[in-house]
Amino acid sequence: MATPLIERGHAPPRTLDGIEEQYLFYLVSGSVRKQAQHFYNCIFEPIFNIPLEQVCPPGLHITLGIFTKIFTLLEEFCHQLDLELAFHNNDDGQSSFCLYSQELQKLQMYTAEILEAKQSQQNLEEVATYMVLNLGESHHITMQFMQQSAERAQSVQQLVC
């Protein structure tokens, strides 16, 4: 169990001399790993003999930490907004989210119809081009039918838009 702060007091600021001093105390006490907490976890000598005032903090990691916190806050805010939209009711007692999803389904249906009409129009234009180039004027009635079909596809597209 952890020793309360009142009993143990605040840890001294980390300096190379302090780390070396705590490490020597750890060695003198028998180097028992379970007792490392009493020596501020200084169980090894410092690897480099560089004053801590001359160490540059890792800017990328600090920036990533800040970004992660801001992104998490944004994500939580957007989630709360989604929940408010989902449970907000209009005058008819119907959920705004339900209305939104119904309109979205209609939009998706119209979009699918537009794509289908465009594909039909393109197919008809290709067939008409083939007929004109290969068969000549002998299939005049078929050409009129295809032209009417293309016009219908175009009118469906205009109605949906």
Side-chain angles (χ1 to χ4, degrees), residues 1-127 129 149-150 152-161:
M1 179 155 234
T3 308
L5 178 63
I6 297 171
E7 291 179 21
R8 65 181 152 83
H10 289 285
R14 293 266 184 175
T15 62
L16 288 174
D17 294 334
I19 293 171
E20 286 179 30
E21 181 181 318
Q22 291 299 322
Y23 171 69
L24 291 175
F25 289 151
Y26 173 73
L27 288 178
V28 170
S29 71
S31 302
V32 179
R33 283 267 174 128
K34 290 186 177 182
Q35 299 298 319
Q37 65 183 353
H38 300 294
F39 305 101
Y40 303 106
N41 294 317
C42 297
I43 58 174
F44 298 108
E45 290 183 278
I47 297 172
F48 300 108
N49 193 11
I50 301 171
L52 295 180
E53 297 84 25
Q54 294 179 358
V55 176
C56 180
L60 176 63
H61 292 90
I62 292 170
T63 306
L64 283 174
I66 293 169
F67 173 80
T68 302
K69 283 186 179 186
I70 292 172
F71 183 77
T72 303
L73 289 173
L74 176 67
E75 219 174 18
E76 290 172 4
F77 175 77
C78 290
H79 179 67
Q80 289 300 323
L81 187 61
D82 282 345
L83 291 176
E84 288 176 21
L85 284 175
F87 295 111
H88 182 268
N89 293 329
N90 62 6
D91 297 336
D92 299 338
Q94 193 172 15
S95 167
S96 298
F97 183 74
C98 289
L99 291 174
Y100 167 76
S101 62
Q102 290 170 358
E103 293 299 319
L104 183 61
Q105 287 176 350
K106 288 180 189 176
L107 181 64
Q108 289 170 342
M109 184 180 70
Y110 290 145
T111 304
E113 288 179 14
I114 289 171
L115 291 174
E116 187 178 323
K118 283 182 179 179
Q119 186 63 41
S120 295
Q121 181 182 4
Q122 184 178 1
N123 290 343
L124 288 170
E125 287 174 357
E126 288 174 3
V127 170
T129 304
S149 298
R152 275 184 283 182
Q154 203 168 18
S155 66
V156 167
Q157 183 179 352
Q158 289 173 351
L159 284 174
V160 174
C161 290

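Quick note: residue numbers are just sequence positions, from 1.
For Glu103, the salt bridge (charged side-chain N to carboxylate O under 4.0 Å, His left out) criterion is met by Lys106, not counting sequence neighbours. Taking Leu104 as the reference, Tyr100, Gln108 meet the side chain to side chain contact (heavy atoms under 4.5 Å, CB included) condition, with sequence neighbours excluded. Checked against side chain to side chain contact (heavy atoms under 4.5 Å, CB included), Gln119 has the following partners two or more places apart in sequence or in another chain: Gln122, Asn123. In this view, Leu73 and Glu76 satisfy the side chain to side chain contact (heavy atoms under 4.5 Å, CB included) rule, not counting sequence neighbours. Checked against side chain to side chain donor-acceptor pair (under 3.5 Å), Glu20 has no partners two or more places apart in sequence or in another chain. Under the ring-ring contact (aromatic ring centres under 6.0 Å, His included) criterion, Phe39 pairs with Tyr26, sequence neighbours left out.
Ile114 contributes atom CD1, which lies 10.5 Å from atom CE of Met109 (distance to the nearest 0.5 angstrom).
Screening residues 32-41 for salt bridge (charged side-chain N to carboxylate O under 4.0 Å, His left out) gives no qualifying pairs among residues at least two apart or on separate chains.
Here the side chains of His38 and Phe25 are not in contact, with every heavy-atom distance at 4.5 Å or above.
Considering all non-hydrogen atoms of both residues, Leu16 and Ile50 come closest at CD1-O, 2.9 Å. Of all heavy-atom pairs between Gly18 and Thr15, the closest is N-OG1, 2.9 Å. Tyr23 approaches Ile43 most closely through the heavy-atom pair CE1-O, 3.2 Å.
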Name every donor-acceptor pair, under 3.5 Å, that has one atom in a side chain of residues 54-72 and the other anywhere in the protein, sequence neighbours excluded.
from	atom 1	to	atom 2	distance (Å)
Thr63	OG1	Gly59	O	2.8
Thr68	OG1	Leu64	O	2.7
Thr72	OG1	Thr68	O	2.7

